Protein chains: 2
Amino acid sequence: MARGREVEETVPVPEITVEKRVTYEAYMRDCPAVSLLSSISTRWVSLTMCTLGVHERPMRYSEVSRNVPGVSQKMLTQTLRGLERDGMVRRTVAPTSPVRVDYELTDLGWNLYGLLAQVRDWAHDNADAVDHARAAYDEL
Amino acid sequence: MARGREVEETVPVPEITVEKRVTYEAYMRDCPAVSLLSSISTRWVSLTMCTLGVHERPMRYSEVSRNVPGVSQKMLTQTLRGLERDGMVRRTVAPTSPVRVDYELTDLGWNLYGLLAQVRDWAHDNADAVDHARAAYDEL
DNA sequence: CAGAATCCTTCACGATACTG
DNA sequence: CAGTATCGTGAAGGATTCTG
C-alpha cells in the first residue's frame with residue numbers, strides 16, 4: 001500500500017500511462033494486505049471478534065449468537081467459518097449429545113482483537129460527537 | 001456492549017424472558033456505539049480513511065480515487081460524503097474553474113485513523129499467516 | 001444444540017451517461 | 001475536475017424449514 005505514495009510522488013507524471021495505472025490498480029486490488037484488510041472490515045467480523053474477545057473464554061454457538069447484536073444464524077455461521085478458516089478462531093466440537101461446539105480466539109485472532117477493541121472503544125467514546133456532527137450536517 | 005456480559009452472567013437465567021431478550025437485542029442493534037462501529041467497519045470507509053491518513057495532507061478527489069484500490073466513483077463519493085457527515089473528513093471547495101475540491105481528516109477522523117492504521121499494519125504483517133491458515137483449512 | 005439447505009428480498013455496487 | 005443521475009445485476013443477507 002505504501003507503494004502508492006512512491007508511484008504517485010517519485011515517478012514523473014507523464015510516465016504513468018493508462019495501461020500502467022490499470023495494472024497498478026489491479027495490483028492494489030489483489031494485494032494480499034488490502035484484500036485481508038477488506039475482509040476484516042465488515043460489520044459481522046468486527047462484532048463477532050469483539051464478542052469473542054470481551055468474554056475471554058470459549059463460547060458456545062448460541063452464546064455468541066445472543067451477544068452479536070442483530071446477526072442472523074446464517075451470517076453468524078458464515079462469519080465464524082470464515083474466521084476459523086483465516087486462523088483467527090478455533091472451533092471445538094465435543095462429541096456429546098446434543099453436540100457442543102465452542103468458539104474461541106486463537107493467538108492470531110487475539111492479536112487482532114486487541115486492535116479492534118480499540119476501534120470499538122473509540123466508537124463508544126465518540127458516538128456523541130458523531131451524532132452532533134450528523135445533526136449539524138443535516139441542518140443545512 | 002459490556003452490558004451483554006452483565007445480563008448474561010448476573011441475571012438469573014429464568015428471568016430472561018423472550019420479550020426481554022428481543023428488547024435487549026433491539027437495544028443492541030440500536031445502540032449508538034454498535035451502530036457507529038458497524039458503519040466504520042466497511043471496506044470503503046477503511047480504505048478511504050487509510051488513504052487520507054497516510055498522505056497527511058489535503059487530497060483532491062481524483063487523487064483519493066487513484067489511491068483507494070478498486071473503488072468506483074460512485075462509492076468513493078458516497079463514502080466521502082458519509083465521512084464528511086460524520087465529522088471525520090473536511091471537504092473544501094475552491095471556487096476556481098474547474099472547481100477544486102480537497103478532502104482532509106478532521107481531528108476526529110485523525111483519531112480514528114490512528115487506530116485503523118494499526119489494523120492496516122496488522123493486516124500487512126499477518127497476510128502470510130492468514131494465507132497459510134487458509135491453505136491448511138482448505139486442505140481438509 | 002448447532003447448524004445445513006433453500007428460497008426470496010433487498011441493496012450495495014458497478015457501468016454508463018450527463019453536467020457545471 | 002468533480003461530481004450527479006439512472007439503471008441493472010450479483011451478492012449479501014433474512015426468513016423459514018429441516019436434521020443429526
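In the text below, chain A, chain B and the rest are named by the order of the sequence lines, each starting its count at 1. In this text, all values refer to a predicted model and were calculated from it rather than measured experimentally.
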Undergrad: Which whole-number value in Å describes the distance from A:K74 NZ to D:dA15 P?
TA: 12 Å

Undergrad: Could you state the CG-C1' distance from B:D102 to D:dG3, rounded to the nearest angstrom?
TA: 15 Å

Undergrad: Please enumerate all protein N or O atoms sitting under 3.5 Å from an N or O of nucleotides 9-11 of chain D, with distances to 0.1 Å.
TA:
none

Undergrad: Please identify each residue that fulfils side-chain contact (heavy atoms from CB on, under 4.5 Å) with A:T79, with sequence neighbours left out.
TA: A:W44, A:V45, A:T48, A:L83

Undergrad: How would you give the extent of chain A contacts on DNA chain C, as first and last nucleotide 5' to 3' within a 4.0 Å heavy-atom cut-off?
TA: C:dC1 to C:dC7

Undergrad: Can you list, in residue-number order, the parts of residues 75-94 of chain A that come under 4.0 Å of DNA chain D, counting heavy atoms only?
TA: A:M75

Undergrad: List for me each residue that meets salt bridge (charged side-chain N to carboxylate O under 4.0 Å, His left out) alongside B:R90, sequence neighbours excluded, and say none if there are none.
TA: B:E104

Undergrad: Between N or O atoms, less than 3.5 Å apart, protein on one side and nucleotides 18-20 of chain D on the other: list the pairs.
TA:
none

Undergrad: Partners of B:D131 by side-chain hydrogen bond (donor to acceptor under 3.5 Å, both in side chains), sequence neighbours excluded?
TA: none

Undergrad: End-to-end bend of the helix from C:dC1-D:dG20 to C:dG20-D:dC1 (five-pair axes, 10° rounding)?
TA: 50°

Undergrad: Enumerate the ring-ring contact (aromatic ring centres under 6.0 Å, His included) contacts for residues 98-119 of chain A, please, sequence neighbours excluded, ordered by first and then second residue.
TA: A:W110-A:Y113

Undergrad: Taking salt bridge (charged side-chain N to carboxylate O under 4.0 Å, His left out) as the test, write out the residues that go with B:R43, two or more places apart.
TA: none

Undergrad: List for me each residue that meets salt bridge (charged side-chain N to carboxylate O under 4.0 Å, His left out) alongside A:D107, sequence neighbours excluded, and say none if there are none.
TA: none

Undergrad: By side-chain hydrogen bond (donor to acceptor under 3.5 Å, both in side chains), which residues pair with B:T77, not counting sequence neighbours?
TA: B:Y61

